[in-house]
Amino acid sequence: MTATDPMTLAFDEARAAAQRGEVPVGCVVVGPDGRVLAQAGNRTEADSDPTAHAEMLALRAACAALGEPRLEGCDLWVTLEPCPMCAAAISLARIRRLYFGAYDPKGGGVEHGARVYDHATCHHRPEIYGGLRESEAAALLRAFFKTLR
């Protein structure tokens, strides 16, 4: 993998988040041309904002970079299965493909829990590719939470 691989960049963001005391989740949005539009790690603690998940921050930054409220043709890479809030935002942004690392049976909103994209009221469902570098993503999260106990 190259340093510009989107999932590698997402892991870099996740590790940086962990160093800041944030839950280690990182996200990258890639445009239709393959260019990285935005990348972010969780900032809920630093920003005192429960919505400052990596996905939300990256979506906002990518929309700002393009000057558009939707990211049609763009792909989102994240180290953990998105929660229901982030899954809904991904749908509203019209993300083409969602790639994620570890599954989240407790808080996920894609393959677990709310299963946002399975509802009839969901108007856009991205292509979903889960479990990418899953063991690495899970190990990063386990190590972080072990330090808190």
Side-chain angles (χ1 to χ4, degrees), residues 1-114 116-117 126-149:
M1 285 181 209
T2 66
T4 58
D5 168 63
M7 191 56 101
T8 297
L9 294 173
F11 271 100
D12 291 346
E13 289 289 342
R15 284 190 276 280
Q19 290 177 346
R20 296 190 307 270
E22 302 279 356
V23 174
V25 177
C27 181
V28 173
V29 176
V30 176
D33 60 358
R35 183 174 53 100
V36 172
L37 297 174
Q39 55 191 81
N42 275 356
R43 285 200 323 249
T44 57
E45 300 299 326
D47 293 359
S48 298
D49 180 356
T51 70
H53 291 196
E55 301 96 319
M56 300 295 286
L57 298 170
L59 287 169
R60 289 176 188 143
C63 286
L66 293 178
E68 297 287 338
R70 283 168 287 289
L71 300 169
E72 294 179 20
C74 296
D75 300 334
L76 186 141
W77 299 73
V78 62
T79 57
L80 180 65
E81 175 183 351
C83 73
M85 172 185 69
C86 293
I90 289 165
S91 175
L92 291 170
R94 304 294 193 265
I95 289 291
R96 175 179 56 181
R97 293 185 196 107
L98 165 62
Y99 300 91
F100 68 86
Y103 290 91
D104 188 356
K106 185 176 178 183
V110 177
E111 301 289 334
H112 296 89
V116 170
Y117 307 129
E127 293 176 33
I128 300 166
Y129 302 92
L132 305 173
R133 295 169 63 177
E134 179 179 9
S135 59
E136 182 181 356
L140 184 61
L141 288 159
R142 275 194 305 276
F144 175 80
F145 286 111
K146 186 175 184 180
T147 65
L148 297 180
R149 293 184 181 110

- Item | Donor-acceptor contact present, side-chain Thr79 to main-chain Gly26, <3.5 Å | yes
- If every non-hydrogen atom of Ala40 is compared with every non-hydrogen atom of Ala54, which pair is closest and at what distance? O-CB, 3.5 Å
- Task: Check for a donor-acceptor pair, side chain of Glu13 on one end and backbone N or O of Gly41 on the other, with a separation under 3.5 Å.
- Result: yes
- Are any non-hydrogen side-chain atoms of Cys63 and Glu68 less than 4.5 angstrom apart? no
- How would you list, by chain and number, every residue that makes a side-chain contact (heavy atoms from CB on, under 4.5 Å) with Phe145, sequence neighbours excluded? Val23, Leu141, Leu148, Arg149
- For the pair Cys27 and Glu55, evaluate side-chain contact (heavy atoms from CB on, under 4.5 Å) and give the outcome as yes or no after the intermediate values. CA-CA 6 Å; Cys27 181; Glu55 301 96 319; 4.1 Å; yes
- Between OH on residue Tyr129 and OH on residue Tyr99, distance to nearest 0.5 Å: 5.5 Å
- Message: With heavy-atom distances below 4.5 Å as the criterion, would you say the side chains of Arg35 and Val30 are in contact?
- Response: no
- Task: Nearest 0.5 Å please: distance from the CG atom of Leu66 over to the SG atom of Cys74.
- Result: 5.5 Å
- Indicate the atoms forming the closest heavy-atom contact of Ala114 with Pro84, along with that distance. CB-CG, 3.9 Å
- Item | Inter- and intrachain pairs under side-chain hydrogen bond (donor to acceptor under 3.5 Å, both in side chains), touching residues 82-98, at least two apart | Asp75-Arg96, Asp75-Arg97, Arg97-Glu127
- Note on the structure: Heavy-atom nearest pair, Phe144 first then Gly21, reads CZ-O, 3.8 Å
- Item | Heavy-atom closest pair, residues Ala17 and Val25 | CB-O, 4.3 Å
- Item | Contacts of Ala52 that satisfy side-chain contact (heavy atoms from CB on, under 4.5 Å) - sequence neighbours left out | Arg43, Thr44, Asp47, Asp49, Leu57
- Not counting sequence neighbours, which residues clear salt bridge (charged side-chain N to carboxylate O under 4.0 Å, His left out) with Glu136? List them please. Arg15, Arg133
- Pairwise distance CG(Leu98) to CD1(Ile128) - rounded to 0.5 angstrom: 6.0 Å
- Item | Straight-line distance of Leu76 CG to Ile90 CD1, nearest 0.5 Å | 4.5 Å
- Item | Interatomic spacing from CG in Leu132 to CZ in Phe11 - rounded to 0.5 Å | 9.0 Å
- Just jot down the side-chain contact (heavy atoms from CB on, under 4.5 Å) partners of Glu81, sequence neighbours excluded, or say none. Phe100, Tyr103, Asp104, Val110, Glu111, His112
- Note on the structure: By side-chain contact (heavy atoms from CB on, under 4.5 Å), Glu45 pairs with (sequence neighbours left out) Glu22
